[in-house]
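A short write-up of the structure that comes next.
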Amino acid sequence: AQSVTQLGSHVSVSEGALVLLRCNYSSSVPPYLFWYVQYPNQGLQLLLKYTSAATLVKGINGFEAEFKKSETSFHLTKPSAHMSDAAEYFCAVHGSGNTGKLIFGQGTTLQVKP
Amino acid sequence: NAGVTQTPKFQVLKTGQSMTLQCAQDMNHNSMYWYRQDPGMGLRLIYYSASEGTTDKGEVPNGYNVSRLNKREFSLRLESAAPSQTSVYFCAISVDYSTEQYFGPGTRLTVT
């Protein structure tokens, strides 16, 4: 069965510093992988998705993620953090079967310090 | 959150009361989903509807029922609310199983 693990429930960076949010997945088939962002009291917004077209995926707001099959990882990065990036981030993988069910990680809260 | 609406935004229930959460979309997508979000647990799938006329259980279906009324609407019903159902509920849609999901703004439910 597919699963997702996000390492670190809280990550704190200074404004302008590199953002690295970690995600590891387990999947018996080539996965579809997603990163979502949730701002306080809002729904989830898609940041980017991996669907096997390219291993480096660029998303919105300057975020990108690299799919590494050998490491079963899909880490999210941004070269320079902005105060507005403070939010909760979720990694997700499609569940098994042709149902579209998403399996979510536990989430990582990103704090950006001035 | 464009294209997916949820009502109500907030609700407080007493244990044993019933209520229905409504979700509607205007994007003509085939698949619809109900998730609950609890601190430290991410989002967990309650029920989903791969297409109009079909519904299936997700990871945590106990205590809930759903109705896919038509292609646009997918409702979630709590027949007898329990404090353990205090959560934030999200509806999501997707074109089909292989595409990304779009989420509604959520319903914050408290059961006392």
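By convention in this document, chain letters (A, B, ...) are assigned in the order of the sequence lines, proteins followed by strands, and residues within each chain are numbered from 1.
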Residue of the set A:Trp35, A:Tyr36, A:Tyr89 for which ring pair (Phe, Tyr, Trp, His ring centres under 6.0 Å) holds with A:Phe63: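 Of the listed options, the one satisfying the test is A:Tyr89.
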
Side chain / backbone / both / neither for A:Gln6 at chain B, heavy atoms under 4.5 Å: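 For A:Gln6, neither part sits under 4.5 Å from chain B.
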
Yes or no on side-chain hydrogen bond (donor to acceptor under 3.5 Å, both in side chains) for B:Asn30 and B:Lys71, after CA distance, side-chain angles and deciding distance? CA-CA 7 Å; B:Asn30 291 313; B:Lys71 191 170 186 179; 3.3 Å; yes

Is it the side chain or the backbone of [X] that comes within 4.5 Å of chain A heavy atoms, both, or neither?
{"X": "B:Gln6", "result": "neither"}
{"X": "B:Arg44", "result": "neither"}
{"X": "B:Leu43", "result": "both"}

Using the ring of each side chain (for Trp, its six-membered ring), is B:Phe103 parallel, tilted or perpendicular to B:Tyr35, with breaks at 30° and 60°? tilted

Over 60° means perpendicular and under 30° means parallel, so tell me whether A:Phe67 and A:Tyr25 are parallel, tilted or perpendicular.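 Rings of A:Phe67 and A:Tyr25: parallel, as their planes differ by under 30°.
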
